[in-house]
K.L.:
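Supplied in structure tokens, the structure appears directly below.
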Amino acid sequence: MCGIVAYVGDERAYPILINGLRRLEYRGYDSAGVALIHDGELHLHKCQGKVSDLENHVNGAPMLGTIGIGHTRWATHGPPNDVNAHPHLSTSGDIALIHNGIIENYAPIKEELKHRGHVFRSDTDTEVLVHLIDDIQRTEKVDLAEAVRLALNSVVGAYAIVLLSRKEPDLLIAARKSSPLVIGIGDNGEHFLVSDATPIVEYTKNVVYLEDGEIAVIDRKRGLRIKNIKNQYKTPFIQELELHLEALEKGGYDHFMLKEIHEQPRSIRDSMRGRLNLAKGEVVLGGIKDYEQKFVNAKRVVVVACGTSWHAGLVGEYLFEDLARIPVEVEYASEFRYRNPIINEDDIVLAISQSGETADTMAAIELAKSRGATIIGICNVVGSSIARVTHGGSYTHAGPEIGVASTKAFTAQVTVLALMAMMIGQKKGTLTGSKFYRLLNELDAIPGKVEKVLTSEAHVKYIADIYKNATNALYLGRGFCFPVALEGALKLKEISYIHAEGYPAAEMKHGPIALIDEEMPVFVIATKGASYEKVVSNIQEVKARKGKIIAIVTEGDTVVKGLADHVIEIPDAPDCLVPLLASIPLQLISYHIAVMRGCNVDQPRNLAKSVTVE
Ligand code: AGP
């Protein structure tokens, strides 16, 4: 996934572009570049590395011009290097283009354009687009917007593009299909184009979300026009942004990830706000109100998601089956979309996605939708692509999650899943009055309990220091905490680059126990609950093989304390809500180990915040 920023207006474009790229860097940081038009000339500056490397690269250049485009890349086709960095130029150098997505049929088009004399400089799929548009404009003698429309009719793939031309210095052209693009409308005719709204919140709250198949033509003097790929114009639908600037700052924390870990008492509270009503003893989820009966009658719920969201979906399976007695299947979206799955019209497909832009999850939705299923979404980014293609859904309201490693979004997703399962269980009568009310109170108490878990950070940091040089780690959990073990392992892997595996605790005996030795830290969620005694036995099996045990226990536990090398205590809670508490120490452990290892916690190598390509 990549970050796109573009600007046309009365101000110098460069400071707006570079500030915007810094805010979007979590979307990809392999290379960065800008193109500006000033005094009839198109100036291109780009290089491998982060946005800060681009700033060093342009150091001293005047960087003038009130129209420009900027890009920060997550490499798909072509390694991260200077020539593959965006923007890409037409042969003449008159047109510059930036792109987020993949052009799947780029190879044959590239060969044809080479035969027609176009000079390619990079290994990217993107560069085909700018040459194709240039070629069409020359041969069809059409304006730039029409050339873009004709070109996009002949490419296959996903794109969010913005381009400008030295010959039309007041014009920005943009288009999208499957990759996001937001138009910011400022005062006195200035316009912004961005991958998501974070870079423009300090300039304007008025936005237009470009839809799939639409082309935006922004002229400094004539303003914004939107047409679709069939050349039909439409009136832009201007919405007000709900984002606030302070949500995008680190707020005094060393990293966004640490800030977001500590935001969880608030973000979990926000995901319940207006939905959990203790006084009335009810759960209200307005976004799925029209589908309550469908849920009550559902024979099956299919969850489609990726990564951490998939782990939340696994907690959701245990919640729905335990509280609402609905069979649930949890599918990796990337597998679901290609294995010709059986999808029935009375199926409910639950799509979980923090960014709301993950390509595999989007494709899984399109497949399920095409076969008549009802699609319900759980997204964090308001107005995101997935949020807009589902029939109904509930936002997690966790606030912007900038750290690439998902933390507060995970607990917010689990909270919304718990609310859904409780609401449906109550309506189905599978969750009795007293148990429902008790669970309602327990869920309401979670934010306060998360506050308490966070007070153990110093102890967690002490443990992190002991295991920061581990080369492998195991995470074990049972029942509702098996997905927490998977999530804990993913956190460690993706930010500290230590190999880690999560397993159902009982599964250890079927192979992984061979890995146990005195070098192997084993993180075990061993809280009081249905499978406590079984987990204690698993701990003893690890101990017998000299494994190092770091156990997450219910406060006051003495049994595990006598067996483990380290314990981290968390408040007591019903089994089904323990994931909201047990995941916090595992987030903190991974964070502190990664920091001690000198890793880039907010922007881990090879990763991006949302994978909008296959
Ligand atoms: C989690 O820490 C990772 N950043 C990654 O696994 C992420 O959860 C996955 O790419 C899904 O993203 P989404 O929730 O935005 O769809």
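In listed order, ligands and their atoms are each counted from 1.
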K.L.:
Tyr475 and side chain to side chain contact (heavy atoms under 4.5 Å, CB included): which partner among Val484, Leu490, Leu492?
P.N.:
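Going through the options one by one, the only one that passes is Leu492.
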K.L.:
Looking only at protein heavy atoms, which one is nearest to atom 6 (O) of ligand 1, and how far off is it?
P.N.:
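Protein heavy atom with the smallest distance to atom 6 (O) of ligand 1: Gly307 CA, 3.2 Å.
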K.L.:
Taking ring pair (Phe, Tyr, Trp, His ring centres under 6.0 Å) as the test, write out the residues that go with Tyr467, two or more places apart.
P.N.:
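Here the qualifying residues are His566.
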K.L.:
Any atoms of ligand 1 less than 4.0 Å from a non-hydrogen atom of Ala405? List them with their elements.
P.N.:
2 (O)
K.L.:
Can you tell me which residue among Glu317, Glu321, Glu329 is in a salt bridge (Lys or Arg N to Asp or Glu O under 4.0 Å) with Arg300?
P.N.:
Glu329
K.L.:
Less than 3.5 Å apart, any donor N or O on the side chain of Thr407 or Gln587 sitting next to an acceptor on the other?
P.N.:
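Not at all, the side chains of Thr407 and Gln587 share no donor-acceptor pair under 3.5 Å.
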K.L.:
Can you list the ligand 1 atoms lying under 4.0 Å from a non-hydrogen atom of Thr358?
P.N.:
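Once the distances to Thr358 are compared, the set is 12 (O), 13 (P), 15 (O), 16 (O).
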K.L.:
Considering only protein heavy atoms, which is closest to atom 15 (O) of ligand 1, and at what distance to one decimal place?
P.N.:
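It is Ser355 OG, 2.7 Å.
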K.L.:
Is there a nitrogen or oxygen of Lys609 sitting under 3.5 Å from a nitrogen or oxygen of ligand 1?
P.N.:
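There is no such contact.
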K.L.:
List the closest protein heavy-atom neighbour of atom 10 (O) of ligand 1: residue, atom name, distance to the nearest 0.1 Å.
P.N.:
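Nearest neighbour among protein heavy atoms for atom 10 (O) of ligand 1, to 0.1 Å: Val611 CG2, 4.2 Å.
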K.L.:
Is there a donor-acceptor contact under 3.5 Å linking the side chains of Ser309 and Gln354?
P.N.:
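Judged by distance alone, the side chains do not pair up.
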K.L.:
With heavy-atom distances below 4.0 Å as the criterion, list the atoms of ligand 1 near Ser309.
P.N.:
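Every atom of ligand 1 under 4.0 Å from some heavy atom of Ser309: 8 (O), 13 (P), 14 (O).
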K.L.:
What about the rings of Tyr591 and His255, do their centers lie closer together than 6.0 Å?
P.N.:
yes
K.L.:
Taking only heavy atoms of Ser406 into account, list the atoms of ligand 1 that are under 4.0 Å away from them.
P.N.:
1 (C), 2 (O)
K.L.:
Under the ring pair (Phe, Tyr, Trp, His ring centres under 6.0 Å) rule, collect the residues that match up with His592, sequence neighbours excluded.
P.N.:
none
K.L.:
If we count only N and O atoms by modelled type, under 3.5 Å, do the side chains of Ser195 and Asn100 hold a donor and an acceptor together?
P.N.:
no
K.L.:
Please say whether the positively charged group of Arg605, taken as NZ for Lys or CZ for Arg, lies over the ring of Tyr497, i.e. under 6.0 angstrom from the six-membered ring centre and within 45 degrees of the axis.
P.N.:
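Judged by the rule (NZ or CZ under 6.0 Å from the ring centre, within 45° of its axis), Arg605 counts as positioned above Tyr497.
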K.L.:
I need the nearest protein heavy-atom contact for atom 2 (O) of ligand 1: residue, atom name and distance, please.
P.N.:
Glu494 OE2, 2.4 Å
K.L.:
Does Glu357 have a non-hydrogen atom less than 4.0 Å from ligand 1?
P.N.:
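Distance cut 4.0 Å: Glu357 fails for ligand 1.
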K.L.:
So is Val404 in contact with ligand 1, going by heavy-atom distances below 4.0 Å?
P.N.:
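Contact present.
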K.L.:
Using distance alone, decide if ligand 1 has a nitrogen or oxygen within less than 3.5 Å of any nitrogen or oxygen in Thr361.
P.N.:
no
K.L.:
Just to confirm my output: which protein heavy-atom neighbour is closest to atom 9 (C) of ligand 1, and how far is it?
P.N.:
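Atom 9 (C) of ligand 1 sits closest to the protein heavy atom Cys306 O, 3.8 Å.
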K.L.:
Check each atom of ligand 1 against the heavy atoms of Thr308 and keep those under 4.0 Å away; list them by number with element.
P.N.:
1 (C), 2 (O), 6 (O), 8 (O)
